[in-house]
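What you see below is based on every heavy atom in this structure, not just the backbone, and it leaves out hydrogens, waters and symmetry mates. This one's a predicted model, so the numbers in the text were calculated from it and none came from an experiment.
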Amino acid sequence: MRRSLLKASQSQWLREHAPRYGFMRRTVTRFMPGENVEDALAAAQTLASNGIGTVLTHLGENITDRAEAQEVTKHYLDVLDRIRAANLPAEVSVKLTQLGLDLDNEFCYSNLVALIELTPAEKTLWIDIEQSPYVDVTLQLYRRARKAYANVGVCVQAYLFRTEKDLDALISIGASVRLVKGAYNEPAEIAFPLKRDVDENYLHLAQRLLSPESRKMRVRAAMATHDRALIKKIVEWSASQGIAKTNLEFQMLYGIQRAEQIRLAREGYRCNVLISYGSFWFPWFMRRLAERPANVIFLARNFFSS
Ligand SMILES: Cc1cc2nc3c(=O)[nH]c(=O)nc-3n(C[C@H](O)[C@H](O)[C@H](O)COP(=O)(O)OP(=O)(O)OC[C@H]3O[C@@H](n4cnc5c(N)ncnc54)[C@H](O)[C@@H]3O)c2cc1C
């Protein structure tokens, strides 16, 4: 089912037609506070009152029109201004294919730089990681940006065999890294096909990210997972290494494991929630369905109650 849903996420026809259905829209609201940036900012405010920070992302990917990529960049510049004006503990995360990566690397890089320059020095402008054909170029552009700016971070995926090596290179430059399991459909030649192997690799990579060497390089390590068993192992291992709670950061998606988000923040860990918003939600929503079979049942319930 995971593979079918991920395949569906790439269907042009479904992207155009599925969002029209009420039962789809109703299910999506579980994972996003609304389509407008105002909805995301209001949710960020509420989370902030619980000691939880946020990362905002405007849904969209694989933009093939220059003007549209410029519009997206302008939108994010405005969001950065609004975050600053509202004094919110919020950051921004972007997909490079949203900033024109499919059109021209230099054009994409200049859009990225504009966003990094408006991000305050003490915060991070995050770069999402997309399907495997984009990994090399994303890390290349990331390294280039990191040479010039300290306040930029990148995501890496534990399901890819290559990530351990990528992580070593990122640690050596004192990168900011968000570790995820990985959300796309990748072939067995390059990614662990079994979930238990991905989980095991995640723990191994998390320990690398929290190692004395990483800490010496002042790596910002964000553990982006909702997996409570894994979180427990990371928490216990970190305590055994004498890592302070305030140096341990977890990130989760809006609407998933809310109680765990609050618990972590109350216990003194850094906790950030990624809030997605925008009207181009179909492929992103399909990836959320693929992550958990129960979400499909939830969607089916909304279909039959409509
Ligand atoms: C902050 C953040 C940023 C991310 N950025 C990227 C990125 O840039 N690139 C990328 O490839 N992936 C990204 N992801 C997605 C990630 O790769 C996984 O697909 C996703 O987080 C599910 O994996 P998991 O670690 O939560 O573990 P899983 O083992 O999949 O889930 C553990 C438990 O969490 C709960 N859960 C997980 N997903 C869902 C869901 N969709 N709905 C309801 N409950 C759920 C369930 O209880 C499940 O049993 C990001 C995830 C987060 C949290």
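- Other residues, nucleotides and ligands place more than 12 heavy atoms under 6.0 Å from the CZ atom of R263.
- Aromatic ring centres of Y277 and H75: separated by under 6.0 Å.
- For R220 and E249, the salt-bridge test passes: some basic side-chain N is under 4.0 Å from an acidic carboxylate O.
- No side-chain donor from either of S279 and E35 sits under 3.5 Å from a side-chain acceptor of the other.
- Here the rule is side-chain contact (heavy atoms from CB on, under 4.5 Å) with L210, and of N247, L205, I243 only I243 fits it.
- D227 has no carboxylate O lying under 4.0 Å from a charged side-chain N of K233, or vice versa, which leaves the two without a salt bridge.
- D78 and K74 are not joined by a salt bridge, as no carboxylate oxygen comes within less than 4.0 angstrom of a charged side-chain nitrogen.
- In this structure, a donor-acceptor pair under 3.5 Å is present between the side chains of S93 and R178.
- Residue-environment remark: CD (E200) stays at or below the threshold of 12 foreign heavy atoms within 6.0 Å.
- Atom CG of L118 sits about 5.5 Å away from atom CZ of R84, to the nearest 0.5 Å.
- R270 forms no cation-pi arrangement with F250, by the criterion of a distance under 6.0 Å to the ring centre and an angle within 45° of the ring axis.
- Salt-bridge check for R287 with E61: passed, with a basic side-chain N closer than 4.0 Å to an acidic carboxylate O.
- Geometrically, R196 does not engage F192 in a cation-pi contact defined by less than 6.0 Å to the ring centre and at most 45° from the axis.
- Of the charged side-chain nitrogens involved, none lies within less than 4.0 Å of a carboxylate oxygen, so that K216 and E213 do not count as a salt-bridged pair.
- A 6.0 Å sphere centred on CZ of R2 holds more than 12 heavy atoms belonging to other residues, nucleotides or ligands.
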